[in-house]
Amino acid sequence: MNKLLFRSATLIHPESKFHNQVVDLLILDGKIEDIARTIDVSGDDLEIINAEGCFISTGFFDLNANFGEPGNETCEDLISGTSTAVAGGFTGIALQPATDPPVHSKAGVSYILNRTSSYLTDVYPLGCISYNRAGKDLAELYDMKLAGAMAFTDGTSPINDSGLMSRALLYVKGFGGLIFSYPEDTSIAGKGRMNEGIVSTYLGMKGIPNLAEEVSISRDLYLAEYNESKIHFSTISCAGSVELIRKAKEKGIQVTCDVAVHHLVLTDEALSGFDTQYKVKPPLRTQKDVDALIEGLEDGTIDAIVSQHTPHEIEFKDVEFEIASFGIIGLQTALPLALKAGLSPELIVEKMAINPRQILHVSLPGFEKGDEVNLVLFNPEEEWTFEASTNKSKSANSPFMNQKLKGKVLAVCNKKQFYYQQ
């Protein structure tokens, strides 16, 4: 990327004087050379991209992405995972520690940072809360923080031990760390495989009630308040959870949360055909829950939208529903699904680019002359087909495969690297 001009794009960046205005953006050697209503420039080395009708913003940032490396590279390695992230418009991802072995030491954190330092997408490792994600003993939290871990989570393995969670919240408070809580009381969830409700009863499937999530959130809110510590809830899915967090914020508890984008457009009715591609955790809920989640995004209760990208090889999905693995790939479909949920481009940028960085205290790239370029260009109206030829992931476990989607990422720039797809 040498000399690049984006012409007639609508900029979304609240800190810029050009916010919500149509601008030209000139990039030279990875830095913003000029930004104005109109830029008159020419040259043989100039590449011009017509961005009329498109939006440009700081690159998206995902707080919940799962790759296989180290240990399960056959479903997704760091190269394929970040390539998928780029195609989805993400210039930053927080990488879950659910690998083999898990990222529960500074060596694991350093491995990821060293492997990905030159990639277009910035990778921020999350460390485990407990050793081996077993929920018994605290992992090397401080050492991992010094090595570069941005926060701590056991992924979709919830911390059932209240004492352990309390100690974790108190311990990280001392060095400015942050705990990501996956809210599920496993003693209530049991062996459920989908949402407990009318559809699960009709299908004869064991269900996971909303109560399993809400009880866990209630407990952790009490623990965070008691320890005067920050806490972040990953992938909330219930109307009751939204209300609990809304009241906690009003009370002054230091809490943030996110929602997986597929929970904004899908309900448990999608499982009527026992299609394992719709099997996710937390499970797809009801339309009432979907409506509450969208309302929570609009009123600021829910801070961020995540992809919850969870790749699986075909043998883990092409089996009976009862034994199929939870999860779908989501990095490339995050933007189209957010648009399908009825969210405006401005709200999407807030929840997928700005707020995730604020939660992890990652500086927000700017759009001033001389700033290093970190951006995504997307067209909310353009349609494309998600299929084998466009899928960048090693895995294909998505219910949206071979479907036409509306909302396309056209270009991504970061660290003097440029990605463009027509």
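We use all heavy atoms of the structure for the numbers below, so side chains are in, but hydrogens, waters and symmetry mates are not.
- For F378 and F60, the ring centers are positioned less than 6.0 Å apart.
- The closest donor-acceptor contact from the side chain of N355 to the backbone of A304 lies at 3.5 Å or more, if one exists at all.
- The two atoms that bring D154 and G135 nearest to each other are OD2-N, 4.2 Å, heavy atoms only.
- When all heavy atoms of N64 and S307 are compared, the pair lying nearest together is O-OG, 3.6 Å.
- Within the model, atoms CZ of R246 and OG of S241 stand 11.5 Å from one another, a figure rounded to the nearest 0.5 Å.
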Residue pair T286, N210: steps toward the side-chain contact (heavy atoms from CB on, under 4.5 Å) verdict: CA-CA 10 Å; T286 66; N210 291 13; 6.0 Å; no

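- Atom NZ of K394 is separated from atom CD of E73 by 7.0 Å, given to the nearest 0.5 angstrom.
- Among the candidates L11, L26, I27, the single residue satisfying the side-chain contact (heavy atoms from CB on, under 4.5 Å) test with F6 is I27.
- With hydrogens and angles disregarded, no donor-acceptor distance shorter than 3.5 Å links the side chain of K145 to the backbone of V172.
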Pair K249-D303, salt bridge (Lys or Arg N to Asp or Glu O under 4.0 Å): steps then yes or no: CA-CA 11 Å; K249 287 190 171 187; D303 301 275; 2.9 Å; yes

F67 vs D77, side-chain contact (heavy atoms from CB on, under 4.5 Å): CA-CA, chis, key distance, verdict: CA-CA 6 Å; F67 298 165; D77 57 34; over 6 Å; no

Full working for side-chain contact (heavy atoms from CB on, under 4.5 Å) between V349 and I354: CA-CA 6 Å; V349 170; I354 299 172; 4.1 Å; yes

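- F175 and Y142 have their aromatic ring centers within a separation under 6.0 angstrom.
- Of the N and O atoms on the side chains of Q421 and Y419, at least one donor lies less than 3.5 Å from an acceptor on the other residue.
- In this structure, CD in E295 is found 8.0 Å from OG1 in T301, a value given to the nearest 0.5 Å.
- Contact record, T116 with K415: O-NZ, 4.1 Å, taken as the closest heavy-atom pair.
- Closest approach of A248 to L221, counting heavy atoms only: CB-CD2, 3.7 Å.
- Side-chain contact between R357 and P365 is present, with heavy atoms from C-beta onward closer than 4.5 Å.
- Applying the side chain to side chain donor-acceptor pair (under 3.5 Å) test to pairs two or more places apart or on separate chains, those with a residue in residues 225-234 are S166-N227, E225-K251, K230-H361, H232-T256, H232-D258.
- Residue-environment remark: CG (L146) exceeds the threshold of 12 foreign heavy atoms within 6.0 Å.
- In terms of modelled atom types and a separation under 3.5 Å, the side chain of K317 and the main chain of K279 share a donor-acceptor contact.
- Side chain of S110 to main chain of A107: no donor-acceptor pair is present (N/O by atom type, distance under 3.5 Å, no hydrogens or angles).
- Within a 6.0 Å sphere centred on CD of Q403, heavy atoms belonging to other residues, nucleotides or ligands number more than 12.
- Heavy atoms only, all atoms of each residue included: A85 and T121 are closest at CB-OG1, 4.1 Å.
- Atom CG in L141 sits 9.5 Å away from atom OG in S130 (nearest 0.5 Å).
- Minimum interatomic distance between P102 and N132 (heavy atoms only, all atoms of both residues): CD-OD1, 3.4 Å.
- The closest side-chain donor-acceptor pair between Q308 and H263, if any, does not fall under 3.5 angstrom.
- Here the side chain of H312 pairs a donor or acceptor atom with the backbone of F326 at under 3.5 angstrom.
- A 6.0 Å sphere centred on CG of D100 holds more than 12 heavy atoms belonging to other residues, nucleotides or ligands.
- Heavy-atom neighbours of E315 CD from other residues, nucleotides or ligands within 6.0 Å: above the threshold of 12.
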S393/L331 under side-chain contact (heavy atoms from CB on, under 4.5 Å): CA gap, chis, key distance, verdict: CA-CA 9 Å; S393 173; L331 284 165; over 6 Å; no

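- To the nearest 0.5 angstrom, I12 atom CD1 is 10.0 Å from F367 atom CZ.
- From E346, atom CD reaches atom NE2 of H19 across 4.0 Å, with rounding to the nearest 0.5 Å.
- Within a 6.0 Å sphere centred on CD of E382, other residues, nucleotides and ligands contribute more than 12 heavy atoms.
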Chi angles and distances behind the salt bridge (Lys or Arg N to Asp or Glu O under 4.0 Å) call for E33, K369: CA-CA 6 Å; E33 180 73 7; K369 293 181 182 180; over 6 Å; no

